[in-house]
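One structure is given below, encoded as structure tokens.
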2 protein chains.
Amino acid sequence: MRFAEESRHELHCSCLNTCNDPQGHSLFYDDMKTSSKKKSLNPADWEAATLDVIAHQGVSAVAVENIAKDLGVTKGSFYWHFANRKDLIISALKSWQRDDRAVIKEKIWSIKDPQERLNAWFSLSAQPLQSHLIYATLLADRQHDYVAKLLKEVTMERLAYLQKSYQAIGYPEDQAKQQALLAYSVYVGYLHMAKTLHGKFKDTDNIESYARYVAGQLIPSGKKPAAEG
Amino acid sequence: MRFAEESRHELHCSCLNTCNDPQGHSLFYDDMKTSSKKKSLNPADWEAATLDVIAHQGVSAVAVENIAKDLGVTKGSFYWHFANRKDLIISALKSWQRDDRAVIKEKIWSIKDPQERLNAWFSLSAQPLQSHLIYATLLADRQHDYVAKLLKEVTMERLAYLQKSYQAIGYPEDQAKQQALLAYSVYVGYLHMAKTLHGKFKDTDNIESYARYVAGQLIPSGKKPAAEG
DNA sequence: AAAAGTCAATACGCATGCGTATGGAAATAT
DNA sequence: ATATTTCCATACGCATGCGTATTGACTTTT
């Protein structure tokens, strides 16, 4: 057996069923034909399948034999790619963190105006991405030390760039810090709300309406969110 | 064996280690000496121990043999009180829901002025009660159908009384609905934030400061939160 | 005092799921 | 063509944890 040596990590985004993200996938694949079946699996495939499980059932639901079945192979194959279950989970989560950082860098920090940037962040946060689901489940899987560590890292990073944007708007440091905490709490709360009430969300017209309302409450003045529709 | 027949539910609040709530406990005990040991266990004891596990490790971490050990007995005793593991979990969660409703009724709805009532709610939400921890972990244990059902119920109830209070202040129905959703999202987000960052919370002075800030942002005008210190 | 009821200990069967051992087939290298 | 690497299947050992069966002690009732 050999183990993934912090290498060979193509981007992945499986999103088997419930996660309908409108991003472009095909950009990322270079090693396989986009439409046909692969002959064999690589660690990234296992990580993607693992993230699907984590997104919908949490870390403790990750079972190598089930994931193997999802991938159409048996457990025997797994231990060629990874040392053990924990290795798989940690690798998958690191991969998630990398992808998340990349998205923020591309889609948020590319925006220079801080107000527009905050609007873009709220807009991104309201989209049904698998990435959000993973974060939401991790929040309740803190028993595992490695999850707690990762979660703290990610959360601090996110709070930092929110605070930075609020300061760029003109908030003094202390208030920017609290406002970032408030905004981020709304994000986290929204994640759970959306899952908990799923159908019932139409009550308040729809999510778009609510998202605009929230942005209006949490972003001071100036430009409106890039309205369309 | 015999099973708990929807009866014999004294209030409970164990809070073994991490949950330091400053509420009065001894009020609730009537059937046992407050300081000495009980001779035998009843379903409420099992439910309380179960809620401790749920609060800190989630539903899937509930293991009857471990809980038995926590209570100083073996598994053999358990199946006299409950039919099975699922029965225990559901009973425990129902007990939690009952207690939660009771607290809201006593401490929130006893307040007539809607602004003060909202302030009281935010204040209650910021306190480190076991009840909050349980709610937070349930959010990620939605895979279990009974959890999803309960969660939806509880969330809808809470949104309803928040909306009601905002309407009592003068918000039109639609806006009150969105504002309730916003306020409740902040609550849920805060729960996770507090756990995720634990130590790091001192950065923004302390929680009190943040709680006042949030209340100031989410409750329109009028009275301030009952300031002390 | 005897019988019934209450709560708990021990021991067992069984399913799940992790990790290992071993062998095999297909691809790639030499 | 042969050897090596790569990826996977099968089979096993082992731990955990649920649920059951049986027995026993202690309490309450009669």
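Protein chains get the first letters and strands the later ones, always in sequence-line order, with residue 1 at the start of each.
B:I89 has its CD1 atom 12 Å from the C1' atom of D:dC18, to the nearest Å. A:D45 has its CG atom 11 Å from the P atom of D:dC7, to the nearest Å. Nucleotide D:dT6 holds its P atom 16 Å from the CZ atom of A:F82, rounded to whole Å. As a whole-Å value, the separation of B:Y79 OH from D:dT20 P is 7 Å. The distance between atom CD1 of A:I67 and atom C1' of D:dC8, rounded to the nearest whole Å, is 17 Å. Distance A:E65 CD to D:dG13 P: 16 Å, rounded to the nearest Å. Whole-Å rounding puts the A:K69 NZ to D:dT10 P distance at 13 Å. In this structure, A:D87 atom CG and C:dG19 atom C1' are separated by 13 Å, rounded to whole Å.
Identified under the salt bridge (charged side-chain N to carboxylate O under 4.0 Å, His left out) test for residues 127-151 of chain A, with sequence neighbours left out: A:K149-A:E153.
By the side-chain hydrogen bond (donor to acceptor under 3.5 Å, both in side chains) test, A:E157 is found to be paired with A:R101, residues two or more places apart in sequence or in another chain being considered. Taking A:Q163 as the reference, A:Q167, A:E173, A:A176, A:K177, A:A180 meet the side-chain contact (heavy atoms from CB on, under 4.5 Å) condition, with sequence neighbours excluded. Evaluation of the ring pair (Phe, Tyr, Trp, His ring centres under 6.0 Å) rule for B:Y213 yields no partner, not counting sequence neighbours. With sequence neighbours excluded, the residues satisfying side-chain hydrogen bond (donor to acceptor under 3.5 Å, both in side chains) with A:S165 are A:R117.
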Please produce a list of atom pairs where a protein N or O lies less than 3.5 Å from an N or O of nucleotides 8-12 of chain C.
residue : atom : partner : partner atom : Å
C:dA8   : OP1  : B:L41   : N            : 3.2
C:dA8   : OP2  : B:S77   : OG           : 2.6
C:dA8   : OP2  : B:H81   : NE2          : 3.4
C:dA9   : OP2  : B:T74   : N            : 2.4
C:dA9   : OP2  : B:T74   : OG1          : 2.8

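B:Y184 has its ring centre less than 6.0 Å from the ring centre of B:Y187.
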